Peer 1: 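Sending over a structure as structure tokens; questions will come in a sec.
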Amino acid sequence: MFIVKDFDLKLTFESGQPLAFYGEYRLEKNGKGLSYVTDRGVIRLHCEKTKSSTNIDYNYIGKYTAKSAENDIRARLGLSQDMRKVYAAIDTDQFMHEAITSLRGLRMTKSDPWEATLCYLTSQANNMKRIRGTIRKFVDVFGDDYKGKGACAKLFPSPASIAKATIPELTACGTGFRAKYIKGVAASFAGGFDSDALYGMDYATAKLELTKHRGIGDKVADCVLLFGYGKMQAFPTDVWIKRVVEHVYFGSRKTSAREIHSFAENKWGPYAGYAQQYLFWHGRSKTIGKPSS
DNA sequence: ACCCAGGCGGGCG
DNA sequence: CGCCCGCATGGG
């Protein structure tokens with residue numbers, strides 16, 4: 001059982017983070033529930049909001065102990081983050097203040113590097129619904145089966161299992177033109193590429209290592225660093241962020257991704273990634289800057 | 001029919 | 001550098 005403040009499961013889950021691509025969010029009898037798949041099993045959460053905090057209960061299937069499951073949840077849902085500090089750092093102007101007021105409790109989640117990589121390779125020129133459908137098919141088709149203690153579950157597919165799939169098998173999951181990138185990067189993660197080594201690298205160096213892969217460009221690399229490695233200075237600049245930042249901070253002037261990165265680094269520094277997530281979700285909810293809005 | 005979706009690589013001026 | 005294009009595919 002966790003008791004935390006400034007935590008909103010629905011916002012955290014639904015704000016376009018990788019957890020939503022391989023997890024399941026649903027209504028339960030007396031509150032909200034969430035389950036997600038990892039390479040070790042399935043974790044189920046149940047949340048109850050009280051006046052001043054949120055109580056999170058959980059159970060699990062798979063190669064977990066009570067302790068390792070608890071650690072997994074704390075890390076993935078960002079339960080150790082100091083939200084007072086986060087909000088103090090990103091509450092820089094009227095727009096961000098509105099975003100914080102509207103989205104209080106939205107946490108940055110932390111997936112495994114490989115999970116985030118697969119999710120954001122799939123995301124390019126794609127929409128949330130189809131991304132989710134594709135990742136869920138990956139789990140169904142390529143995920144190992146866990147069987148034990150009267151329970152069974154599909155696990156998140158390994159790099160090796162995706163690497164040995166054929167291109168037609170991948171496109172059958174709805175990847176489209178991204179299949180060749182997915183297969184190639186999976187092969188790298190399965191052998192040769194030491195993904196854990198990037199934890200020990202600074203942001204810029206780790207980004208260089210990621211973008212050596214065909215199919216991982218500037219934006220996907222930033223997503224992997226932010227959502228997969230927890231490097232909070234990463235500021236993924238997609239079409240939405242570009243629109244919102246141009247509209248709110250640049251008087252609707254067309255601005256290059258390079259300039260936006262520089263702006264974000266100066267304004268939010270080590271918390272730029274957090275600011276990005278609030279800009280992204282708040283901007284989308286208000287369709288800020290979008291043509292015909 | 002056309003446009004868009006949490007882009008990227010490649011070619012061109 | 002910046003700009004434009006093709007890349008698959010389903011939904012507005």
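Numbers restart at 1 for each chain; the letters A, B, ... are given by sequence-line order, proteins then strands. Note that the coordinates shown come from a computational prediction; the quantities given were computed from them, not determined experimentally.
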Peer 1: Starting at the 5' end of DNA chain B, write a dot or bracket for each base, bracketing those in Watson-Crick or G-U wobble pairs whose two distances are under 3.5 Å and using | for partners on another strand.
Peer 2: .||||.|||||||

Peer 1: Under a 3.5 Å threshold, yes or no: a donor from one side chain and an acceptor from the other, between A:Y120 and A:D238?
Peer 2: no

Peer 1: Nearest whole Å is fine: how far is C:dC1 P from A:K254 NZ?
Peer 2: 17 Å

Peer 1: Do A:K154 and A:D140 sit within salt-bridge range, that is, some charged N less than 4.0 Å from a carboxylate O?
Peer 2: no

Peer 1: Do the charged groups of A:R107 and A:D6 touch, with an N to O distance under 4.0 Å?
Peer 2: no

Peer 1: Under a 4.0 Å threshold between the charged nitrogen and the carboxylate oxygen, would A:D202 count as salt-bridged to A:K231?
Peer 2: no

Peer 1: Give a yes/no verdict on a cation-pi contact between A:R243 and A:W240, requiring under 6.0 Å between NZ or CZ and the six-membered ring centre and an angle within 45° of the axis.
Peer 2: yes

Peer 1: Tell me, for nucleotides 1-13 of chain B in 5' to 3' order, what letter each nucleotide earns: B for a base near a protein heavy atom under 4.0 Å, S for only sugar-phosphate near one, - for neither?
Peer 2: ----BBBSS----

Peer 1: Tell me whether the side-chain N/O atoms of A:R258 come closer than 4.0 Å to OP1 or OP2 in C:dG2.
Peer 2: no

Peer 1: Can you sort out the partners of A:F138 under ring pair (Phe, Tyr, Trp, His ring centres under 6.0 Å), two or more places apart, ordered by chain and number?
Peer 2: none

Peer 1: Quick one: do the A:Q124 and A:Y181 side chains pair a donor with an acceptor below 3.5 Å?
Peer 2: no

Peer 1: Please state how far atom CG in A:L170 lies from atom C1' in C:dT9, giving the value in whole angstrom units.
Peer 2: 15 Å

Peer 1: Would you say the side chains of A:E115 and A:Y22 form a donor-acceptor pair under 3.5 Å?
Peer 2: yes

